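Before any comments, here is the structure.
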Amino acid sequence: MTQREPYQIHIKRAYEAPSRSDGRRVLVDRMWPRGVQREKLALDEWVKEAAPSDDLRRWFNHDPARWAEFAARYRDELKTPPASDAVARLARFASQGPLTLVYAASDEAHNNAVALRDVIVQHLSRHRTTRTHGRSS
């Protein structure tokens, strides 16, 4: 039997139709996606606190050449409240079942949801290791 990743964290554009496999759907942008009605998104939550700051978002401007620096700066933003609390909440959701991070950007490879998923996975890994090593046998 092979070991599989215990968490299912999906990333989906706001303009894609929801599906049953999405699990909990959470919008992770600070602004509402243009032209999309609330009902069409079928969201469970909107976690604005997990989105990059307006200054960082404007600086990045979806420029792939700035992706690595954007991701590093965004990770730093996600370490402080209220963003760090939002990451912990999203990690809790992921530990309970499938989680889909919904975003509006047109670039599927260079957007905040991609960077946020990595941070959530790291958060879950740290906490799983802490729980495993913190138990007495």
Side-chain angles (χ1 to χ4, degrees):
M1 186 167 146
T2 61
Q3 175 129 6
R4 70 173 188 80
E5 180 61 41
Y7 309 109
Q8 294 180 41
I9 304 173
H10 311 285
I11 297 174
K12 194 176 246 187
R13 286 194 74 220
Y15 307 99
E16 294 177 58
S19 67
R20 287 180 170 238
S21 63
D22 288 347
R24 186 184 297 251
R25 291 174 51 87
V26 179
L27 179 62
V28 294
D29 284 344
R30 197 164 299 278
M31 299 184 317
W32 191 261
R34 285 190 184 132
V36 179
Q37 296 175 338
R38 289 187 186 270
E39 303 79 42
K40 297 263 184 187
L41 273 183
L43 293 176
D44 294 295
E45 305 240 1
W46 183 7
V47 183
K48 295 177 191 178
E49 302 83 9
S53 66
D54 288 336
D55 287 343
L56 180 58
R57 183 180 51 78
R58 277 192 216 91
W59 172 83
F60 176 46
N61 198 30
H62 300 286
D63 180 354
R66 292 184 172 183
W67 170 248
E69 181 65 22
F70 166 80
R73 290 183 187 189
Y74 185 34
R75 279 192 302 273
D76 286 343
E77 285 188 356
L78 292 170
K79 290 177 184 175
T80 59
S84 60
D85 298 332
V87 169
R89 196 157 124 224
L90 292 168
R92 231 180 1 267
F93 294 161
S95 70
Q96 296 167 351
L99 171 65
T100 297
L101 304 176
V102 179
Y103 70 96
S106 59
D107 187 334
E108 295 182 15
H110 306 101
N111 64 71
N112 64 301
V114 171
L116 179 58
R117 178 184 54 194
D118 293 344
V119 170
I120 295 168
V121 168
Q122 289 172 352
H123 180 91
L124 288 164
S125 296
R126 278 195 311 271
H127 283 58
R128 182 173 46 177
T129 302
T130 302
R131 281 189 303 240
T132 304
H133 294 343
R135 288 187 196 150
S136 53
S137 303

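Keep in mind the model is a prediction, meaning the values are calculated, not measured. The residues of the chain are indexed from 1 along the displayed sequence.
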In short, Leu124 meets Ala91 closest at the heavy-atom pair CD2-O, 3.4 Å
With rounding to the nearest 0.5 Å, note down the distance linking CD in Gln8 to OG in Ser21. 8.0 Å
Any non-hydrogen side-chain atom of Asn111 less than 4.5 Å from a side-chain atom of Val114? yes
Using the ring of each side chain (for Trp, its six-membered ring), is Phe70 parallel, tilted or perpendicular to Phe60, with breaks at 30° and 60°? parallel
Below 4.0 angstrom, N of the basic side chain to O of the carboxylate: do Arg58 and Asp55 qualify? yes
Between the OG1 atom in Thr100 and the NZ atom in Lys12, the distance rounded to the nearest 0.5 Å is 6.0 Å
Which other residues end up in the same hydrophobic cluster as Trp46, if Ile, Leu, Val, Met, Phe, Trp and Tyr are linked when side-chain heavy atoms come under 4.5 Å apart? Tyr15, Leu27, Trp32, Val36, Leu41, Leu43, Val102
Closest non-hydrogen atom pair, Ala94 against Leu99: CB-CD2, 4.0 Å
Suppose we screen for side chain to side chain contact (heavy atoms under 4.5 Å, CB included). Which residues come up paired with Arg57, at least two apart in sequence or across chains? Met31, Asp54
Nearest-0.5 Å distance that lies between atom CZ in Arg117 and atom CD1 in Ile11: 3.5 Å
Please say whether more than 12 non-hydrogen atoms of neighbouring residues, nucleotides or ligands are located less than 6.0 Å from CD in Glu16. yes
Show your working on side chain to side chain contact (heavy atoms under 4.5 Å, CB included) between Tyr74 and Leu56 and close with a plain yes or no. CA-CA 8 Å; Tyr74 185 34; Leu56 180 58; 3.9 Å; yes
Between Asp107 (side chain) and His110 (backbone), is there a donor-acceptor pair under 3.5 Å? yes
Closest heavy-atom contact between Gly23 and Asp44? O-OD2, 3.8 Å
Just by modelled atom types, is the Asp85 backbone N or O under 3.5 Å from a matching donor or acceptor in the Glu49 side chain? no
Less than 4.0 Å between a side-chain N and a carboxylate O, is that true for Arg24 and Glu45? yes
Looking at CZ of Arg92 and CD1 of Ile120, how far apart are the two atoms once the value is rounded to the nearest 0.5 Å? 11.5 Å
State which residues pass ring pair (Phe, Tyr, Trp, His ring centres under 6.0 Å) with Tyr103; sequence neighbours excluded, sorted by chain then number. none
Give, for atom CG of Asn61 and atom CH2 of Trp59, the distance between the pair rounded to the nearest 0.5 Å. 10.5 Å
Checking side chain to side chain contact (heavy atoms under 4.5 Å, CB included) between Leu116 and each of Ile9, Val87, Val47, which is the one that passes? Val87
For His123 and Ala88, work out which heavy atoms get closest and say how close. NE2-CA, 3.8 Å
Heavy-atom closest pair (Ala113 atom, Leu101 atom, distance to 0.1 Å) is O-CD1, 3.8 Å
Of all heavy-atom pairs between Ser53 and Glu77, which one has the smallest distance, and what is that distance? OG-OE2, 2.6 Å
